[in-house]
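FYI, side chains are in, hydrogens and waters are out, and symmetry mates aren't considered; it's all heavy atoms of this structure. Worth saying up front: this structure is predicted, and the values here are computed from it rather than measured.
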Amino acid sequence: MSEAVELASELGIQVDEAELIRTNSTGLTIYNPSNLANLIKGMKNKSMTREQKILLRKQYEQSIN
């Protein structure tokens, strides 16, 4: 449970351990919360706008047709 609290803290999410206990319905083992938080943060694409992503997708679809 402490790993889940650490993960939430790393991601900037306020969470109470008692809340996790009440709502925990599935098992999830987190061996390295800090590493997982970094992976999740790395998934966020902060350099492109939504419009840029749409344009890139359209260009990709045109190139494969």
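- Note on L56 and Y60: separate hydrophobic clusters, where clusters join Ile, Leu, Val, Met, Phe, Trp and Tyr whose side-chain heavy atoms are under 4.5 Å apart, directly or indirectly.
- Annotation: the span from K53 atom NZ to R57 atom CZ amounts to 13.5 Å, rounded to 0.5 Å.
- V15 approaches A8 most closely through the heavy-atom pair CG1-CB, 3.3 Å.
- Summarising the local packing, CD of Q14 is surrounded by 12 or fewer heavy atoms from other residues, nucleotides or ligands at distances under 6.0 Å.
- We find the CD1-CD distance between I64 and Q59 to be 13.0 Å, quoted to the nearest 0.5 Å.
- Residues I54 and M48 do not share a hydrophobic cluster, clusters being chains of Ile/Leu/Val/Met/Phe/Trp/Tyr side chains in contact below 4.5 Å.
- The structure places CG of L55 at 9.0 Å from OG1 of T49, a figure rounded to the nearest 0.5 Å.
- For the residue pair S47 and Q52, the shortest heavy atom distance occurs at O-OE1, 3.9 Å.
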